[in-house]
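Beneath this line is the structure, given in structure tokens, with notes to follow.
Both counts, for ligands and for their atoms, begin at 1 and track the order of listing.
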Amino acid sequence: MIKKEGDKMFKHLTNQKYLKERLSFFLKDTTKKTPSNATVKDWYKAFVAMLNDELIDTADITEHNILNGKNKMMAYLSMEYLLGKIANQSLVNMEVKESFQKAFKSFGVDLEKVLAYEPSTQLGNGGLGRLAACFFDSLATLNYPAFGYGLFYRCGLYKQEIKNGKQIENPDLWIEKENPAVDKRKDISYNVYFGGKIEKKSSIEGMVWKPSEIVKTTANDILLAGYGNETVLRVRLWEAERKDKSAPDIKKTITNITDFLYPPDMTAEGKRLRLRQEYVLVSASIQDLFERYKKTGLPITKISKYLAVQLNDTHPTLAIPEIIRILMQDYGFTYEDAYKNMYDICAYTNHTLMAEALEKIGIDLFKSELPYHFAIIERINNDWMKKAMETVADWKLNKVKIINYEKNYVNSGNLCMIATHKVNGVAALHSKLLKKKEFSLISEIFPRKFINETNGITQRKWLLEGNPELARLITKTIGDGWITDLYKLKKLLKYKNDPNFIEKWYRVKQENKLKLLDMIKEDTGYKFSPDFMVDSQIKRIHEYKRQFLNILQVIDRYNRIIDGDIEGLQPRICLFAGKAPSTYDVAKDIVSLINDVAKVVNNDKRCKDLLKVVFIPNYNIDKAQTIISATELSEQISTAGKEASGTGNMKFALNGALTIGTLDGANVEIKENVGHKNIFIFGLTAKQVYNIKEKGYDAQRYFNNNPRMQRIIDQILTGYFCNGDTEKHKTVMHAFFNNNDEYMILPDFDSYVNTQLSVDKVYANQKIWWKKSIINTANCGFFSSDRTIKSYAKDIWKIKEIKE
Ligand code: NBG
């Protein structure tokens with residue numbers, strides 16, 4: 001079929017005759033079969049080939065337009081992309097899903113079954129990687145000239161299995177399955193160098209690096225279609241050559257750089273591998289960017305006017321010396337000019353204040369792997385220290401150093417803050433703490449550099465695709481404008497008291513709950529009733545996120561029930577899901593405690609009508625969609641000041657869940673948007689946490705004054721939930737007591753329990769509950785990643801829509 005001018009790029013796919021012919025053609029081409037003898041798997045192969053073909057054509061056109069010399073471009077450097085399944089999202093965004101459904105139906109095939117073959121792209125751990133995925137949906141939908149860069153790990157985030165209540169990690173070899181969104185670019189390949197030494201050191205510009213090792217890297221592009229337009233963006237992921245050809249095994253010393261996402265980096269070898277991953281990402285990407293820049297025909301002197309690079313957290317820090325290196329070595333820039341251009345090009349997003357995540361790279365390791373880059377960083381550090389010494393008191397200088405020679409490390413966070421032109425936090429509170437508290441010494445020297453960009457989520461993934469029934473109801477009621485302008489949801493407020501509409505809203509939730517309960521049954525064997533409220537905490541398992549506080553509260557609820565103190569309690573399913581980092585023993589013990597409590601509670605007849613607990617294994621993006629669509633209460637209960645933003649909180653609110661949470665991260669802004677009456681806030685504020693800690697927090701004193709808590713801890717210690725095994729949960733108990741309750745569980749406990757009781761009270765009045773639910777959804781306009789991306793485009797990248 002010939003496309004007519006003015007036709008939407010994918011309009012031809014709505015022509016049934018054409019679509020069926022194409023599918024049959026690809027079926028024969030890939031499997032040698034015909035519709036009469038093809039299996040669903042054969043159809044998947046045909047579908048992969050066909051969709052891939054469409055996406056590649058359009059992506060080529062998009063790329064050609066981006067590189068026409070009229071556009072300032074943005075490159076997003078990120079170690080993580082947590083995309084989940086992509087094919088369905090592509091069909092939805094291309095507005096051809098119904099057409100595919102129809103075509104497959106005519107062949108007697110269910111499209112959903114075909115889609116089920118797609119491997120989930122889990123190249124990330126959590127929020128940071130999912131944010132990158134949401135950003136690309138918005139960048140493509142808003143038609144911005146952008147490139148993504150990352151790593152093509154052979155194994156994505158491990159698959160989690162729960163055996164005897166414990167987390168087991170299995171490798172996720174997603175790469176071996178065909179994927180319609182991946183474009184294998186054997187034609188794009190770069191050498192990345194390591195080791196060796198520097199020669200001719202007379203000037204920094206004259207420095208010559210003689211590396212001792214070469215690693216060849218090849219590109220694999222993930223193709224992401226914007227919604228309702230003709231833009232397909234490429235997220236380019238690098239695969240390093242594999243020197244060891246055996247199957248990836250996390251237990252062996254890993255030598256292949258891109259076999260695994262974030263291998264454990266506690267050992268010296270682990271740290272080396274991590275640094276190598278980071279440098280492969282940066283070096284291949286920056287080399288490729290310069291190649292792309294050449295294609296624009298623009299002079300190199302204008303590079304900072306036409307290119308923006310975003311460092312997603314500190315992982316791509318090495319882009320700073322790498323850009324300087326290339327400008328000096330390949331383009332003859334002086335150091336000063338190279339630095340200035342790099343500075344104007346690069347910006348940095350900070351995603352956490354947790355010290356563990358602000359990377360520190362050992363000097364010896366750095367020098368042995370990347371001696372040239374170390375020399376550049378020394379120069380940056382020297383220049384910076386001269387400037388810092390003018391204003392920062394001597395005794396504070398250690399805090400602002402880029403290289404700490406006494407302690408033997410390079411501080412990546414400081415380097416990013418000092419050597420890029422904009423630094424942003426990811427929610428208002430987090431940006432304030434970053435600027436005024438944790439990095440105040442640096443921000444005082446660069447007062448205008450530190451800004452806030454509150455995170456967002458894409459409504460296309462998290463409502464349109466993830467919760468199709470609710471999306472349909474909303475569209476029927478207020479039209480489909482919300483898909484590209486989420487503020488339009490405000491129109492729902494008109495219906496918040498309409499009994500008819502409330503009834504429909506409630507029905508959708510019930511339907512979604514049934515789907516969730518099916519999933520729970522399949523995953524865990526537990527059968528629950530849809531009359532129970534669904535109360536969910538789904539996210540990475542971490543002490544600061546306080547799944548532990550939640551399970552203690554669940555035990556308290558259980559104790560009330562066995563004591564017969566049940567007045568006001570509403571039937572609840574307390575649902576947990578999330579992965580514990582494989583080397584984080586406390587987090588793994590929390591998973592096991594939750595599973596133990598679930599077993600006891602679910603088998604206790606006294607709880608039959610009031611309480612159920614479940615841990616859903618192998619949490620991922622696809623399961624998140626099902627859980628979020630069905631959830632009524634969203635748990636966002638981190639220690640105030642610790643969660644940079646959270647984005648799960650936004651996904652839940654958008655889907656009509658009410659939040660119970662602390663005033664942390666973006667919860668603060670959710671409260672501002674939905675109104676304090678429509679959210680359950682409890683616990684200490686960030687300021688109070690800082691104050692209590694400064695004065696000297698004494699966990700024991702709180703514990704001694706809290707008999708309910710004493711009873712719970714006693715139950716855990718005496719093995720009440722694990723057949724009298726008194727040893728089993730000693731890891732989490734040890735972390736709790738020996739670290740003086742670092743995450744402030746004790747001061748928040750009573751306030752949390754009482755707020756949970758007030759949740760029951762509101763839930764008892766279903767009319768009021770569902771009205772609040774509608775109000776939550778209606779006020780989520782601000783939390784679209786479209787808003788976030790427009791704001792980055794204006795404040796940081798200075799990019800505009802692609803000009804053809
Ligand atoms: C996470 C924070 C979240 C935040 C996301 C996205 C990391 C290192 N940080 O609070 O914990 O929402 O980043 O900004 O994954």
Worksheet entry | Flag for Asp664-His430: side-chain donor and acceptor within less than 3.5 Å | no

Worksheet item: Where is the tightest heavy-atom contact between Leu633 and Phe680, given as atom of each residue plus distance?
Response: CD1-CD1, 4.4 Å

Item to complete: Quick one: list whatever passes side chain to side chain donor-acceptor pair (under 3.5 Å) with Tyr697, sequence neighbours left out.
Response: Asp741

Practice prompt. Return yes if a side-chain donor-acceptor contact under 3.5 Å exists between Glu239 and Tyr153, otherwise no.
Written response: no

Under 3.5 Å: N or O atoms of ligand 1 paired with protein N or O:
residue	atom	partner	partner atom	Å
ligand 1	9 (N)	His351	O	3.2
ligand 1	10 (O)	Glu643	OE1	2.6
ligand 1	10 (O)	Ala644	N	3.4
ligand 1	10 (O)	Ser645	N	3.0
ligand 1	10 (O)	Gly646	N	3.0
ligand 1	11 (O)	Arg540	NH2	3.4
ligand 1	11 (O)	Tyr544	OH	3.1
ligand 1	11 (O)	Glu643	OE1	3.1
ligand 1	12 (O)	Asn455	OD1	3.4
ligand 1	12 (O)	Gly646	N	2.8
ligand 1	14 (O)	His351	ND1	2.6
ligand 1	14 (O)	Asn455	OD1	2.8

Worksheet, complete the sentence: Hits for side chain to side chain donor-acceptor pair (under 3.5 Å) against Asn740, two or more places apart or cross-chain, chain-then-number order -> none

Worksheet item: Who pairs with Asn424 by side chain to side chain donor-acceptor pair (under 3.5 Å), at least two apart in sequence or on another chain?
Response: Thr349, Tyr792

